[in-house]
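Naming: A, B, ... by sequence-line order, numbering from 1 per chain.
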Amino acid sequence: MTETNRPYILYGIAALLLLANWYFLGLNSALFTLNFCLISAVMALGVNIQWGYAGLFNVGIMGFTAIGGLCAVLVAYPPIQETWEAGGSGVIISALLLLVAVAVCVVIYRRMPKGSARMWALTAAVIVSFFIIRHFYAPAVAAIESTNAASTGFLGGLGLPIILSWMVGGVVAAGIAWIVGKIALGLRSDYLAIATLGISEIIVAIVKNEEWLNRGVKNVIGLPRPVPFEVNLQKEQWFIDLASRLDVNLVEFSSIFVKLCYTCLFAFVLLLILYLSEKALNSPWGRMMRAIRDNEVSANAMGKNVTRRHLQVFILGSAVVGIAGAMLTTLDGQFTPTSYQPLRFTFLIWVMVIVGGSGNNWGAVLGGIVIGFFWLQAEPIGIWLMDSLTASMADDNPLRLHLIESAAHMRLIVMGLILLLVLRFSPRGLIPERTGRRH
Amino acid sequence: MESLINAVVLLLNFLVVPALSYGSQLALGALGVTLIYSVLRFSNFAHGETMAFGTMFVILATWLLQSWGVSFGPLPTALLALPVGCIATILFVLATDRLVYKHYREHKATNVIFMIASVGVMFVMNGIIRFVIGPEDQQFFDGERFIFNARQFKEWTGLTEALAIRTTQVITVVTAIIVVAILFWFLNRTRTGKSMRAYSDNEDLALLSGIDPAHVVRIAWIITAILATIAGTLYGLDKSFKPFTYLQLLLPIFAAAIVGGVGNPVGAIAGGFVIAFSEIALTFAYRKFFAYTLPDFLVPDGLAQLLSTDYKFAVSFVILVVVLLVKPTGLFSGKTL
């Protein structure tokens, strides 16, 4: 395997994995896996922008994913009339007051001389505005949440096409990244990691608890879809004709067709972001980023504003993760805050990037696909493995039962080991970064 | 007058006592993070899992002891099982250091690489914990539940409000004081402790004066493992053992270490209590307190709770952000061991 044909071989292997999935478990399952892998690949691209281009350690990927998902709800879900009447005005007033409060704080911070007087003024402003906002916010929230609590009890969204939320998700994630970056960048690198860890925990706490916004842990189900519903397809004459011409089961074909539509959408987004990332990486901007990453001191001496560039790249990467988060919620058709687990949404993405090849977009995409594949398939493989390993034991042997029951947790160990092994023995990943002169 | 005493008792019972025990747990956790930071110079993301790992072995040993009929009288059996947990955790972290971190130390990798490696270690430990003991809640507390309970307190004092002290709270605070005292004695009085401080202060100078870095690193891991096991066990006794909560403890622990000044043991302890007190004070419902202290017409209608308890993580984050903005080195300027 030479340096040049290595990516092709590895992508070929990834394709073979998916084909094997098709062969053993059917096309439906293979497409499900593929869709998941495509979204994972977009996330890995986003993290690669931060880590691979600039060496920023973001431990809050889960939060940006959740933001994307929340945007999908807020953009696409139809607005709910009763709850808007019950408490919409109160929420809007609170939001406006929040903006005013932030503006006041900014003015105090800018206008007053540095010192303890400024600190006290800021603290007082924050405390006063907290109580004022609460005065409007709390009753409005109570009114919204008690309106038809069993089925809605939240404000709903804007009722716009859900595809739009992919962009909105990216923009909102970028905005949050701007705030986090402003605070934590320019300090020691540990601080960015811990600040992102914190913000992601908070975002997930918000989507779990603010029921007026997204029903909290009661979940929002039945989100609009960018593709037709299976049941509607089965009634369409052209679709029935197509199924009979291809000689396939109508119900199964409709499910496959819908998944294929998603695949096309996701593949389009992935290719678009991949194209843009490659363009950026091979531009003067990309070379500057790598120069900063490899030697901050000398890049600084060359007149590059390291903190600003870090902020820029942090925002870009987070936006891509936000887009992927909105895509994931679109695919699921529901928003379930409890599904946001750091191991699954933050650290798994890190494994993808490190394994794929930090600094190489093609590597990140490959990592997303391969690790995403194994993440989904590890459970059946693990159960099968445990089952065959303990086949000689009696069926009710407690050890055997425990091993089979816990096989699902094996994938955490496997992912951790993969990360450690790659980091140790092949730190540049499956498809290493291309540097220097091209051959 | 009596209503004022009632108000004080109320605060003691629901705010001060829980915050003291939670603060001690955070302080012990933050000490471990700070120790690793000052010797190995990276934020150990696996620390929450190390705590859970140690606690898991303590629980297993407790169950074993209980099955033998051993008990510790009014105290929880888990205290007898602590050494088992400590030894298991020490062996594990020394093995991870040998297999994972040593390589990067020798190659002088940047601290981001160490952090990513610690994420890998976290994954593996998390998997092992779930594999062995499962992701569910485990209760392993036994012995006397209360030093004195609410009813007894009311009988003694005749107040309407009651103060109940749980055994675990006292054990937590006492253990934390003992552990911290031993740690400071070790760092300030013993030869090894002094060499650790020297190494953390100036690595090159320490190497020149003949300090063995491998030894320093080994001792740092051993102390961290002990601290983590004790902190995790105390937390588990006080609340309950659930692997996922230990992962979430990572944020308050990091916040405590940074607020106090990373690398500064005194700061880690202070930070732990700052975080614990603010978390509980901001999520405490003050309605009853106001009812005792204010005239009737001023008492608020609602719970008078500033933040719902679901947002207690936000408190540690906000404190962290404020410290990062105002004094990035922490309250007690960091990086002195």
Side-chain angles (χ1 to χ4, degrees), chain A residues 51 55-57 59 119 130-131 134 138 179-180 182-184 186-191 193-195 197-202 204-206 208-210 216 341-343 346-348 350-351 354 358 402-403 405-424 427, chain B residues 37 41-43 45-46 96 99-100 103-104 107 109-113 115-117 119-135 243-244 247-248 250-252 254-255 257-258 262 302 306-314 316-318 320-322 324-326 328 334:
Chain A
W51 165 244
L56 298 179
F57 189 44
V59 201
M119 281 312 302
F130 177 82
F131 282 105
R134 215 175 120 109
I179 298 173
V180 179
K182 270 285 181 191
I183 296 167
L187 299 168
R188 247 188 6 226
S189 58
D190 303 55
Y191 287 170
I194 293 161
L197 178 76
I199 196 81
S200 75
E201 289 286 351
I202 290 177
V204 171
I206 290 177
K208 273 186 191 161
N209 293 302
E210 295 302 311
Q341 306 272 346
L343 285 174
T346 297
F347 300 118
L348 185 68
W350 271 98
V351 179
I354 302 285
S358 10
H402 177 79
L403 283 176
E405 194 190 326
S406 331
H409 306 308
M410 281 299 284
R411 61 180 177 182
L412 292 172
I413 304 181
V414 172
M415 287 301 153
L417 285 180
I418 291 177
L419 176 65
L420 289 174
L421 290 174
V422 171
L423 197 65
R424 169 78 158 81
Chain B
Y37 187 85
R41 298 190 166 74
F42 74 97
S43 304
F45 275 79
T96 51
L99 293 173
V100 181
H103 169 81
Y104 302 110
H107 288 75
T110 57
N111 73 346
V112 183
I113 298 291
M115 280 196 274
I116 295 179
V119 165
V121 173
M122 182 186 83
F123 249 112
V124 174
M125 289 180 98
N126 196 297
I128 295 176
I129 291 164
R130 283 162 191 241
F131 190 73
V132 175
I133 204 164
F244 187 63
L247 188 67
Q248 288 192 315
L250 202 57
L251 181 63
F254 274 151
I258 292 182
V262 194
L306 290 172
L307 266 182
S308 122
T309 40
D310 303 310
Y311 290 119
K312 56 178 198 238
F313 290 109
S316 32
F317 180 74
V318 170
L320 179 71
V321 165
V322 170
L324 287 190
L325 289 176
V326 179

First locate atom CG of A:Asn209, then atom OG of B:Ser308, and finally report the distance between them rounded to the nearest 0.5 Å.
5.5 Å

Pick from B:Val318, B:Val322, B:Ile116 with the largest number of heavy-atom pairs that fall under 4.5 Å of chain A:
B:Ile116

Which bit of A:Arg411 comes within less than 4.5 Å of chain B, counting heavy atoms only: side chain, backbone, both or neither?
neither

Quick one, B:Leu247 and A:Leu343 - any side-chain contact, counting heavy atoms below 4.5 Å?
yes

Measure A:Val59 against the heavy atoms of chain B and call it side chain, backbone, both or neither at under 4.5 Å.
side chain

From CZ (A:Phe57) to CZ (B:Phe45), nearest 0.5 Å:
5.0 Å

By a 4.5 Å heavy-atom criterion (distance strictly below it), what part of A:Val351 contacts chain B: side chain, backbone, both, or neither?
side chain

Smallest separation among heavy atoms of B:Asp310 and A:Ala205, with atom names:
O-CB, 4.0 Å

Step by step, would you call A:Leu412 with B:Arg130 a side-chain contact (heavy atoms from CB on, under 4.5 Å)?
CA-CA 9 Å; A:Leu412 292 172; B:Arg130 283 162 191 241; 3.5 Å; yes

Smallest separation among heavy atoms of A:Leu423 and B:Ile113, with atom names
CD2-O, 4.0 Å

Atom of A:Ile199, atom of B:Phe317 and distance for their closest heavy-atom approach
N-CE1, 3.6 Å

Measure A:Ile206 against the heavy atoms of chain B and call it side chain, backbone, both or neither at under 4.5 Å.
both

Check each atom of B:Val132 against the heavy atoms of chain A and say whether the ones under 4.5 Å are side chain, backbone, both or neither.
backbone

From A:Glu201 atom CD to B:Leu250 atom CG, the distance as rounded to the nearest 0.5 Å
8.5 Å

Supply the atom-to-atom distance B:Tyr311 OH to A:Lys208 NZ, rounded to the nearest 0.5 angstrom.
11.0 Å

Whatever's closer than 4.5 Å to a heavy atom in chain B on A:Leu419 counts as side chain

Let's go through A:Ile418 and B:Phe123 carefully: what are the C-alpha distance in whole Å and the side-chain angles of both, what is the deciding distance for side-chain contact (heavy atoms from CB on, under 4.5 Å) to 0.1 Å, and is it a yes or a no?
CA-CA 10 Å; A:Ile418 291 177; B:Phe123 249 112; over 6 Å; no

Test item: A:Pro342 and B:Phe244 side chains (from C-beta on) under 4.5 Å apart, heavy atoms
yes

Got B:Val262 and A:Tyr191 here, is their nearest side-chain heavy-atom distance under 4.5 Å?
yes

Portion of B:Ile128 that has a non-hydrogen atom of chain A nearer than 4.5 angstrom
both

Residue pair B:Phe42 / A:Asp190: nearest heavy atoms and the distance that separates them:
C-OD2, 4.0 Å

Output the option from B:Phe131, B:Phe254, B:Phe313 having the highest count of non-hydrogen pairs under 4.5 Å with chain A.
B:Phe131

Side-chain heavy atoms of A:Phe347 within contact of B:Met122, under 4.5 Å:
yes

What is the distance from atom CG of A:Leu420 to atom OG1 of B:Thr96, rounded to the nearest 0.5 Å?
9.5 Å

